[in-house]
Amino acid sequence: MKKFIVEKTEIKQLEDGLKYIAIYDKDEKDWYEELKKFNKDTLKVMYNKDTYLVLSTNTDASMIAPTMAGDVVEEIEYQEVEVAPDNYFVSGKIVKLKEC
């Protein structure tokens, strides 16, 4: 399964003047090209590489916007996910923190 880790971003300008955020991994691969390589039937999870806090999920990679260095987009087998501020990506699954 595919994984993309944002190494750097920069503002680029097209010939028509339109500006956009260019997003690259450590191998200089472009996010906008790499997102096309994700499988269609998997869940894409965007999380922070240091905290593992889930920032976004979607089956469509083009609906995820990894715009900060350290953002990770990883695809996993589809699972139902409740939108919540305490979802973390642990051992390839989205888990909810529980009160101790």
Side-chain angles (χ1 to χ4, degrees):
M1 299 229 181
K2 189 149 185 55
K3 182 176 186 177
F4 186 92
I5 303 171
V6 178
E7 182 72 23
K8 68 176 184 172
T9 62
E10 58 187 66
I11 303 295
K12 294 238 175 167
Q13 187 166 341
L14 300 174
E15 289 180 16
D16 64 3
L18 181 69
K19 291 183 180 180
Y20 71 98
I21 299 173
I23 304 162
Y24 302 99
D25 70 2
K26 66 179 174 57
D27 299 320
E28 294 291 318
K29 291 181 182 169
D30 182 294
W31 165 249
Y32 300 105
E33 291 302 316
E34 293 300 303
L35 72 83
K36 299 171 189 173
K37 299 175 183 175
F38 283 89
N39 292 315
K40 301 288 184 220
D41 59 347
T42 57
L43 183 66
K44 286 59 162 191
V45 181
M46 184 173 79
Y47 61 93
N48 177 279
K49 76 176 177 114
D50 296 321
T51 64
Y52 297 95
L53 178 66
V54 173
L55 305 169
S56 182
T57 62
N58 205 299
T59 53
D60 182 352
S62 70
M63 298 303 289
I64 292 181
T67 56
M68 302 279 294
D71 285 349
V72 179
V73 178
E74 189 167 342
E75 68 180 342
I76 62 172
E77 285 189 34
Y78 183 81
Q79 72 178 78
E80 287 293 324
V81 179
E82 177 187 335
V83 176
D86 55 353
N87 285 341
Y88 287 82
F89 192 68
V90 179
S91 300
K93 293 203 177 289
I94 297 173
V95 297
K96 225 173 165 28
L97 286 186
K98 297 178 182 173
E99 289 186 33
C100 294

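Only heavy atoms go into these numbers, but all of them, side chains included; no hydrogens, no water, no symmetry mates.
- Between atom CD of residue E33 and atom CZ of residue F4 there is a gap of 11.0 Å, rounded to the nearest 0.5 Å.
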Using the rule given for side-chain contact (heavy atoms from CB on, under 4.5 Å), can you reason through Y24 versus T9, listing the C-alpha separation, both sets of side-chain angles and the distance that settles it, and then say yes or no? CA-CA 6 Å; Y24 302 99; T9 62; over 6 Å; no

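- Rounding to the nearest 0.5 Å gives a distance of 11.5 Å between CD of E82 and CD1 of I94.
- The CG atom of N48 sits 13.0 Å away from the CZ atom of F89 when rounded to the nearest 0.5 Å.
- At least one donor-acceptor pair closer than 3.5 Å links the side chain of E75 to the backbone N or O of K2.
- The two atoms that bring I23 and Y32 nearest to each other are CD1-OH, 3.8 Å, heavy atoms only.
- By the rule that hydrophobic residues join a cluster once side-chain heavy atoms approach within less than 4.5 Å of another member, V54 and V83 end up as members of separate clusters.
- For D27 (side chain) and K29 (main-chain N/O), no donor-acceptor pair under 3.5 Å exists by modelled atom type.
- Going from atom CD1 of I76 over to atom CG of N39 covers 12.5 Å, rounded to the nearest 0.5 Å.
- When hydrophobic clusters are built by joining Ile, Leu, Val, Met, Phe, Trp and Tyr residues whose side-chain heavy atoms come closer than 4.5 Å, directly or via intermediates, V95 is grouped together with L53.
- Considering all non-hydrogen atoms of both residues, K44 and V73 come closest at CB-CG1, 4.3 Å.
- Look at E77 and K93 and you find no salt bridge, because none of the NZ, NE, NH1 or NH2 atoms lies under 4.0 Å from a carboxylate O.
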Begin from the C-alpha positions of K3 and E34 and carry the test salt bridge (Lys or Arg N to Asp or Glu O under 4.0 Å) through to its verdict. CA-CA 9 Å; K3 182 176 186 177; E34 293 300 303; over 6 Å; no

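- Here the CG-CG distance, from L43 to N58, works out to 8.0 Å after rounding to the nearest 0.5 Å.
- Hydrophobic clustering places I11 together with W31 (ILVMFWY residues linked when any side-chain heavy atoms are closer than 4.5 Å, directly or through intermediates).
- By the 6.0 Å contact criterion, CE on M63 is open, its count of non-hydrogen atoms from other residues, nucleotides or ligands being 12 or less.
- Around atom OH of Y52, no more than 12 heavy atoms belonging to other residues, nucleotides or ligands sit under 6.0 Å away.
- In this structure, NZ in K96 is found 10.5 Å from OH in Y88, a value given to the nearest 0.5 Å.
- One hydrophobic cluster, built from ILVMFWY side chains closer than 4.5 Å, holds both Y78 and V45.
- Around the NZ atom of K49, the shell of radius 6.0 Å holds no more than 12 heavy atoms that belong to other residues, nucleotides or ligands.
- Residues I21 and L35 are members of one and the same hydrophobic cluster, defined by side-chain heavy-atom contacts under 4.5 angstrom among Ile, Leu, Val, Met, Phe, Trp and Tyr.
- Contact of the L14 side chain with the Y20 side chain is registered, since non-hydrogen atoms from C-beta on lie closer than 4.5 Å.
- The two residues A69 and E7 have their closest heavy-atom pair at CB-O, 3.6 Å.
- Of all non-hydrogen atoms in A61 and F38, the two that sit nearest each other are CB-CD1, 4.0 Å.
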